[in-house]
Amino acid sequence: RMSTPLVQCEECGRRAANLKRCSVCRRVFYCNANCQRKNWVIHRSSCQRNEIADSIERSDPQLASFMRKTNKQAIVTDSNVDSGNIQYGKLPKPAPETPPAPVRAPQPPAPFAEAQAKAYAAVLAERDGMGLEEERAGVAFKWTQNQREVLIAVKVPDEQLALAAVTTELGPSRLAVTLGGRVLLDGTLAKAVRSDESTWEIDRAGGVVTLTLLKRWRGGGGAASAGEGNYAQGESNADTWWPSLLADSKRIDRKYPPTEYYTS
């Protein structure tokens with residue numbers, strides 16, 4: 001039968017098998033609390049818990065004792081040295097530093113925004129001085145005209161709205177376009193139209209509503225058909241010109257129609 005090894009009191013030097021161990025560092029021994037109090041002035045600078053040794057105390061008490069005596073804080077074996085890994089038992093690993101937030105490059109336009117920009121640019125070819133581009137209540141639109149028609153393109157404010165139902169109200173002198181309950185355009189037209197021969201359509205993928213309004217009083221539509229217009233009594237081609245789309249909207253900054261209007 002193996003005998004209990006003798007240990008030495010850190011304060012008085014007495015050797016015995018039944019000395020008390022320091023409950024924190026578990027490296028030194030004392031006869032009693034009196035010896036521990038007397039030695040505390042010296043011992044306190046080196047008294048610290050070894051969590052690795054505590055975690056392996058039951059499975060390998062000899063290694064735990066060795067780690068406390070030598071104040072080792074890690075376990076290194078041949079296998080984990082060869083693999084490049086060092087085991088740290090139950091000691092928490094230091095948290096990795098948070099890397100700085102990456103500088104984000106400008107994001108490309110969303111697919112809908114890109115498609116809408118192309119669709120909106122493609123409709124209503126520019127006719128210098130025959131219409132305007134405007135915005136009302138956060139809705140962008142543009143319009144142009146020839147002797148016979150007024151053509152309008154309205155940008156749908158967002159992608160979800162482009163999927164909603166379209167409602168139009170078109171009278172001889174009134175225009176209202178509503179999409180999913182959102183009013184896109186509403187007002188009194190600058191001049192009268194033929195509502196029964198006016199049309200609208202929506203490009204849902206491109207997010208653009210287009211309208212073609214037939215003027216109530218209109219020219220013949222081109223030099224070849226001059227004289228075939230529908231004019232109010234005593235009026236001519238010049239009187240079919242619309243200075244604005246709506247009665248209260250922005251007006252074209254010119255007194256007379258451009259020359260190109262009479263051949264449009």
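Please read all numbers here as calculations on a predicted model, not as lab measurements.
If you chain together hydrophobic residues whose side chains sit under 4.5 Å apart, W241 and L214 never meet in one group. Y261 is not connected to W217 by any chain of hydrophobic side-chain contacts under 4.5 Å among Ile, Leu, Val, Met, Phe, Trp and Tyr, and they are in different clusters. Hydrophobic clustering, with ILVMFWY side chains joined whenever heavy atoms are under 4.5 angstrom apart, keeps V139 apart from F112.
Residues A192 and W242 approach most closely at O-CZ2, 3.8 Å, considering heavy atoms. Closest approach of M130 and P258 over heavy atoms only: CG-CG, 4.0 Å. Minimum interatomic distance between V209 and L184 (heavy atoms only, all atoms of both residues): CG2-CD1, 4.3 Å. Of all heavy-atom pairs spanning T240 and G219, the tightest one is CG2-N, 3.8 Å. When all heavy atoms of A16 and R14 are compared, the pair lying nearest together is CB-NH1, 3.6 Å. Residues R254 and G129 come closest through the heavy atom pair CD-O, 3.7 Å.
Within the 4.5 Å cutoff, the side chain of K215 has heavy atoms near those of the Q145 side chain. With contacts defined as side-chain heavy-atom distances shorter than 4.5 Å, the pair D203/V123 does not qualify. Using a 4.5 Å heavy-atom threshold, the side chains of K142 and Y120 count as touching. Two residues are said to be in side-chain contact when any heavy atoms from C-beta on lie closer than 4.5 Å; N32 and C9 fail this criterion. Within the 4.5 Å cutoff, the side chain of L213 has heavy atoms near those of the L170 side chain. Between C31 and L19, some side-chain heavy-atom pair lies under the 4.5 Å cut-off. Between V7 and R21, the closest side-chain pair of non-hydrogen atoms is not below 4.5 Å. For the pair N34/E11, no side-chain contact is recorded, criterion being any heavy-atom separation below 4.5 Å from C-beta on.
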Passes side-chain contact (heavy atoms from CB on, under 4.5 Å), H43 versus C25? Steps please. CA-CA 10 Å; H43 178 57; C25 68; 3.5 Å; yes
Full working for side-chain contact (heavy atoms from CB on, under 4.5 Å) between D248 and R136: CA-CA 11 Å; D248 61 346; R136 288 167 70 98; 3.5 Å; yes
Would V177 and V154 satisfy side-chain contact (heavy atoms from CB on, under 4.5 Å), going step by step from the backbone distance to the final call? CA-CA 9 Å; V177 181; V154 185; 5.7 Å; no
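Every side-chain contact (heavy atoms from CB on, under 4.5 Å) that E134 has, sequence neighbours left out, goes to L132, F141, W143, S249, K250. Looking at residues two or more places apart in sequence or on another chain, you find a side-chain contact (heavy atoms from CB on, under 4.5 Å) between W200 and V166, T168, I202, L211.
The main-chain N or O of R218 is never found under 3.5 Å from a side-chain atom of R148 such that the two would form a donor-acceptor pair. In this structure, the side chain of Q116 engages the main chain of V156 through a donor-acceptor pair within 3.5 Å. Between the side chain of E10 and the main chain of V28, no donor-acceptor pair closer than 3.5 Å is present. The main-chain N or O of A64 is never found under 3.5 Å from a side-chain atom of R26 such that the two would form a donor-acceptor pair. Side-chain N or O atoms of K38 include none that pairs as donor or acceptor with a backbone N or O of C12 at under 3.5 Å. Side chain of N39 to backbone of I42: no donor-acceptor contact under 3.5 angstrom is found.
Distance CG/L189 to CG/L175: 5.5 Å, rounded to 0.5 Å. Taking CG from D54 and CZ from R49, the interatomic distance works out to 5.0 Å, rounded to the nearest 0.5 Å. Considering CZ of R27 and SG of C22, their distance stands at 8.5 Å, rounded to 0.5 Å. Here R174 contributes atom CZ and S195 contributes atom OG; the two are 13.0 Å apart, rounded to the nearest 0.5 Å. Expressed to the nearest 0.5 Å, how far CG of D186 lies from OG1 of T178 amounts to 7.0 Å. Once rounded to the nearest 0.5 Å, the distance linking CG of N18 with CG of L6 reads 9.5 Å.
Atom CG of D196 has more than 12 neighbouring heavy atoms from other residues, nucleotides or ligands inside a 6.0 Å radius.
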